[in-house]
2 protein chains.
Amino acid sequence: MSKKSELLAAAELRVRDGGYANFSFRELASEVGIKSASVHYHFPTKEDLAAELAYQYTERFLTSLGDPSAYVQQGKNPIEVYTEHFRHALLVDKQMCLCGLLGAESGSLPEKVKHETKRFFKRNINWLEQAYTSLHITNSESEITSKAMTTLALLEGALMISKTLDSIDVFEHATAAIKGLAEIMGETTGRKK
Amino acid sequence: MSKKSELLAAAELRVRDGGYANFSFRELASEVGIKSASVHYHFPTKEDLAAELAYQYTERFLTSLGDPSAYVQQGKNPIEVYTEHFRHALLVDKQMCLCGLLGAESGSLPEKVKHETKRFFKRNINWLEQAYTSLHITNSESEITSKAMTTLALLEGALMISKTLDSIDVFEHATAAIKGLAEIMGETTGRKK
DNA sequence: ACAAACCTATCAACTGATAGATAGCTTAGT
DNA sequence: ACTAAGCTATCTATCAGTTGATAGGTTTGT
């Protein structure tokens, strides 16, 4: 692994724990065994480093997710695959979603970093829309968008609260609610039961 | 307003924008017109200041919410009252929920601050449980807990994402889903349709 | 010869925190 | 009524530490 990617890995741990302010060039440098001035060779400014971190995090996340419709063809539910990624963050990584944390701080984030954070959410909503479309349970596009956004918001919120309370309860209830989303929304949006 | 509460007000704006690291004693001091050393008179350490901020935020939030069952008696839905509080943060304050942000950072927060943040969430879940109980739509206690946790997670997540994307869309879809929660959960938990 | 990857040394700025002084108010003792 | 003691809220001055960033030099591989 190159020093550059070692730096990003070290930064990721810190940002997912405490946000943008929770890492310094000196810390990262000493962790990977170089000097702080050398970090500036790879990343001109702190803003650049964090922006690239968020960019690569997004790419890795989406690559790992793969193609939503492929899961359906295998008889798997892509939404369950998606929730498993968040469960992994909570139980294995024991860390926040990088962009969940950056998003919360977005009000005081450098422009490039905020831009990459937005990109993460847009891409994720898009993936979830494709997933719900592939499941072809509901018809209207607005219902699909609604489910996609609700799913993402629920997972980000549940991850944050479960991590804070040191208990998986909120997360488990949230994912149970997502499983019910398919039947739910059809009932309340438009059609009255 | 006393200097102490002015300091807390100034700190709140900054923390709700960028988290624990986004305020300094000097900034607060100069904003309220005293010197940074004097801030230590009111709050021995930064940790103490942030902990008191989170404590008072929680008290103010719950006081403002009032008694959930009282709304039911007035023919109002306390869950809608609750979601309005979050909508106010998004559209009027244009800020995060203080504890939503601190919760995201909880991995690197001083102990006292993390404790107060946990307290916020526990109290809010409790309030929502009372609210869903007062509505007596569903019966089982675990269904009520599930709805309470899901509602909170959804609102915290939706607020964060809507703020980041600079669009109310995610928030609107999330609150619509909460309105559907009553009918939803009964369908999916236990009873099969 | 050249460039990528690193170094040393240093900068100005900012951080939380402390020590010690002061002015003004309140209270208790006589 | 006067004073001594103590509290509240602020100040000046300063500390040691950290921060992101820069200029310019060195090493290493091709």
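Everything quoted here is computed from the prediction, not taken from an experiment. Order of the sequence lines sets the chain letters (A, B, ...), proteins ahead of strands, with each chain counted from 1. Heavy atoms only: backbone and side chains are in, while hydrogens, waters and symmetry mates are out.
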#### Entry: Side-chain H-bond candidate by donor/acceptor type, A:Tyr132 with A:Thr145, under 3.5 Å
no

### Message
Nearest whole Å is fine: how far is C:dA5 P from A:Leu7 CG?
### Response
12 Å

### Summary
When A:Thr45 and B:Lys4 are each assigned the nearest nucleotide of DNA chain D, the 5'-most assignment goes to B:Lys4

### Query
Which whole-number value in Å describes the distance from A:Ile34 CD1 to D:dT28 C1'?
16 Å

### Interatomic distance, A:Leu28 CG vs D:dG20 C1' [rounded to whole Å]
12 Å

### Task
Please determine, for the side chain of B:Ala37, which listed nucleotide (D:dA21, C:dT8, C:dA19) has the closest atom?
C:dA19

#### Entry: Candidates C:dC7, C:dA17, D:dG20 - which lies nearest the side chain of B:Arg26
C:dA17

### Query
In terms of ring plane angle, is the pair B:Phe61 and B:Tyr57 parallel, tilted or perpendicular, where the classes change at 30° and 60°?
parallel

### Task
Respond yes when some side-chain nitrogen or oxygen of B:Ser38 is under 4.0 Å from OP1 or OP2 of D:dC11, and no when none is.
yes

### Value in whole Å for how far the P atom of D:dA21 lies from OH of A:Tyr41
18 Å

### Task
Write down the distance between CD (A:Glu27) and P (D:dT18), rounded to a whole number of angstrom.
10 Å

### Task
Figure out the NZ/P separation between B:Lys3 and D:dT10, and round it to whole Å.
6 Å

### Task
Please report, rounded to the nearest Å, how far the P atom of C:dA9 is from the NE2 atom of A:His40.
17 Å

### Query
Would you call A:Arg87 and A:Glu172 a salt bridge, taking side-chain N to carboxylate O under 4.0 Å as the test?
yes

#### Entry: Student check: side-chain heavy atoms of B:Tyr71 and B:Asn77 closer than 4.5 Å
no

### Task
Specify the residue among A:Gly33 and B:Ser36 whose closest nucleotide of DNA chain C lies further upstream toward the 5′ end.
A:Gly33

### Query
Within a strict 4.5 Å, meaning less than it, do heavy atoms of the A:Val15 and A:Asn22 side chains meet?
no

### Query
Which is true for B:Ser24 with a 4.0 Å heavy-atom rule: it touches a base, it touches only sugar-phosphate, or it touches nothing?
sugar-phosphate

### Query
Could you state the NZ-C1' distance from A:Lys46 to D:dA21, rounded to the nearest angstrom?
13 Å

### Message
Counting the atoms with a prime plus P, OP1 and OP2 as sugar-phosphate, which does B:Phe23 contact under 4.0 Å by heavy atoms, base, sugar-phosphate, or nothing?
### Response
sugar-phosphate

